[in-house]
A.B. asks: 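Would you mind keeping the following structure in view while I ask a few things?
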Amino acid sequence: MSKTYYDATDLRKFGKITEWNEELGNKFFDYYGKVFEEGALTAREKSLIALAVAHTEQCPYCIDAYTKDGLQRGITKEEMMEAVHVGAAIKSGATLVHSVQMMNKVNKLEM
């Protein structure tokens with residue numbers, strides 16, 4: 001059995017972040033809870049967004065949590081994978097668009 005840096009059981013400990021700073025931890029969870037309430041977007045849509053962002057941020061805890069949450073909300077494997085590809089396209093596009101900065105710098109230095 002190989003051991004990884006991330007321990008899946010740590011996800012269950014997420015609520016303990018309030019222990020070292022109760023005020024800020026509680027404020028975060030209040031905000032987090034409010035964000036995921038039904039609003040202009042459904043809970044299902046928010047779960048799919050969260051799954052895509054979890055992949056672009058490369059958070060294994062979030063990937064596990066929102067894969068499970070998505071399945072419970074009826075999100076299909078195909079929808080999940082498509083959302084991940086949308087996130088990947090945006091992430092790579094954001095990386096590549098910054099090359100304009102490099103190009104500008106090179107052009108300036110070559111003058």
Side-chain angles (χ1 to χ4, degrees):
M1 170 185 252
S2 84
K3 176 84 170 131
T4 66
Y5 184 79
Y6 293 100
D7 183 347
T9 62
D10 283 344
L11 182 55
R12 292 192 298 261
K13 300 174 187 173
F14 188 36
K16 294 182 180 229
I17 66 164
T18 60
E19 289 180 3
W20 291 6
N21 190 320
E22 187 174 356
E23 179 186 2
L24 293 178
N26 287 334
K27 284 179 187 264
F28 168 77
F29 283 119
D30 290 343
Y31 169 73
Y32 191 87
K34 192 74 173 161
V35 165
F36 281 93
E37 287 178 2
E38 292 270 344
L41 298 172
T42 66
R44 185 182 189 281
E45 291 167 328
K46 290 180 179 190
S47 182
L48 199 52
I49 292 167
L51 182 63
V53 172
H55 280 80
T56 63
E57 294 302 309
Q58 300 176 336
C59 176
Y61 305 113
C62 300
I63 292 168
D64 283 358
Y66 285 101
T67 298
K68 181 179 178 183
D69 185 72
L71 288 172
Q72 290 170 341
R73 294 183 187 283
I75 298 172
T76 67
K77 296 181 293 188
E78 294 79 13
E79 289 171 317
M80 288 181 185
M81 187 57 77
E82 191 169 328
V84 170
H85 278 279
V86 169
I90 296 300
K91 183 84 170 187
S92 62
T95 299
L96 291 171
V97 77
H98 279 84
S99 69
V100 173
Q101 174 115 10
M102 172 197 63
M103 294 163 68
N104 291 339
K105 186 67 174 181
V106 167
N107 290 337
K108 183 178 178 183
L109 291 172
E110 286 182 336
M111 294 180 118

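Just so we're clear, the structure is a prediction, and the values are computed from it rather than from any experiment.
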A.B. asks: With a 4.5 Å cut-off on side-chain heavy-atom distances among I, L, V, M, F, W and Y, is there a chain of contacts connecting Leu51 to Phe36?
C.D. replies: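 Yes.
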A.B. asks: I'd like to know if Tyr5 and Leu11 are part of one continuous hydrophobic network [Ile/Leu/Val/Met/Phe/Trp/Tyr, side-chain heavy atoms within less than 4.5 Å].
C.D. replies: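 Linked, Leu11 and Tyr5 end up in one cluster.
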A.B. asks: What heavy-atom pair brings Ile75 and Leu71 nearest, and what distance separates the two atoms?
C.D. replies: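 Closest approach of Ile75 to Leu71, heavy atoms only: O-CD2, 3.8 Å.
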A.B. asks: I want to check something: taking the side chain as every heavy atom from C-beta on, are Glu57 and Lys91 in contact at a cut-off of under 4.5 Å?
C.D. replies: yes
A.B. asks: Whether the side chain of Thr67 engages the backbone of Asp64 through a donor-acceptor N/O pair (distance < 3.5 Å, no angle test) should be reported.
C.D. replies: no
A.B. asks: Between the side chain of Ser92 and the main-chain N/O of Ala88, is any donor-acceptor distance below 3.5 Å?
C.D. replies: yes
A.B. asks: With a 6.0 Å cut-off on the ring centroids, do Tyr61 and Tyr66 count as close?
C.D. replies: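 So the answer is no for these two rings.
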A.B. asks: Are Leu41 and Val35 co-members of a hydrophobic cluster defined by side-chain heavy atoms under 4.5 Å apart?
C.D. replies: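 Different clusters: Val35 never reaches Leu41 through Ile, Leu, Val, Met, Phe, Trp or Tyr contacts under 4.5 Å.
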A.B. asks: Would the number of heavy atoms belonging to other residues, nucleotides or ligands and lying under 6.0 Å from CD1 of Ile90 be above 12?
C.D. replies: no
A.B. asks: Could you tell me if the ring centre of Phe14 sits under 6.0 Å from that of Phe29?
C.D. replies: yes
A.B. asks: Assess the residue pair Asp69 and Arg73 against the criterion (salt bridge (charged side-chain N to carboxylate O under 4.0 Å, His left out)); give the C-alpha distance rounded to whole Å, side-chain angles, the decisive distance to 0.1 Å, and a yes or no.
C.D. replies: CA-CA 6 Å; Asp69 185 72; Arg73 294 183 187 283; 2.9 Å; yes
A.B. asks: Go through Leu24 and Ile17 one step at a time and tell me if the side-chain contact (heavy atoms from CB on, under 4.5 Å) criterion holds.
C.D. replies: CA-CA 9 Å; Leu24 293 178; Ile17 66 164; over 6 Å; no
A.B. asks: Please evaluate residues Glu23 and Thr18 with respect to the criterion side-chain contact (heavy atoms from CB on, under 4.5 Å), reporting the C-alpha separation (whole Å), side-chain torsions for both, the decisive distance (0.1 Å), and the verdict.
C.D. replies: CA-CA 7 Å; Glu23 179 186 2; Thr18 60; over 6 Å; no
A.B. asks: Any non-hydrogen side-chain atom of Lys105 less than 4.5 Å from a side-chain atom of Leu109?
C.D. replies: yes
A.B. asks: Assess whether a salt bridge exists between Lys13 and Asp10, defined as any Lys/Arg side-chain N lying under 4.0 Å from an Asp/Glu carboxylate O.
C.D. replies: yes
A.B. asks: Is the backbone of Met102 close enough, under 3.5 Å, to the side chain of Ser99 for a donor and an acceptor to pair up by distance?
C.D. replies: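 Side chain of Ser99 to backbone of Met102: no pair is present.
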A.B. asks: Using a 6.0 Å cut-off, check whether atom CD of Glu82 has over 12 heavy atoms from anything other than its own residue.
C.D. replies: no
A.B. asks: Within the structure provided, determine whether Glu45 and Leu48 are in side-chain contact (heavy-atom separation under 4.5 Å).
C.D. replies: no
A.B. asks: Indicate yes or no for a side-chain donor-acceptor contact from Gln58 to the backbone of His55 under 3.5 Å, with no hydrogens or angles considered.
C.D. replies: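 Answer holds: no.
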A.B. asks: How many angstroms lie between atom CD1 of Ile63 and atom CE of Met80, to the nearest 0.5 angstrom?
C.D. replies: 12.0 Å
A.B. asks: For Met81, run the side-chain contact (heavy atoms from CB on, under 4.5 Å) check against His85, Glu79, Glu78 and tell me which one passes.
C.D. replies: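 Passing option: His85.
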A.B. asks: Does Gln101 CD have over 12 foreign heavy atoms under 6.0 Å away?
C.D. replies: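 No, not enclosed.
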A.B. asks: Roughly how far, to the nearest 0.5 Å, is the NZ atom of Lys34 from the CG atom of Asp30?
C.D. replies: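 If I round to the nearest 0.5 Å, the distance is 10.0 Å.
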A.B. asks: Tell me if a side-chain donor or acceptor on Lys46 pairs with a main-chain N or O of Glu38 at a distance below 3.5 Å.
C.D. replies: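 Pair absent, no side-chain N/O of Lys46 close to backbone of Glu38.
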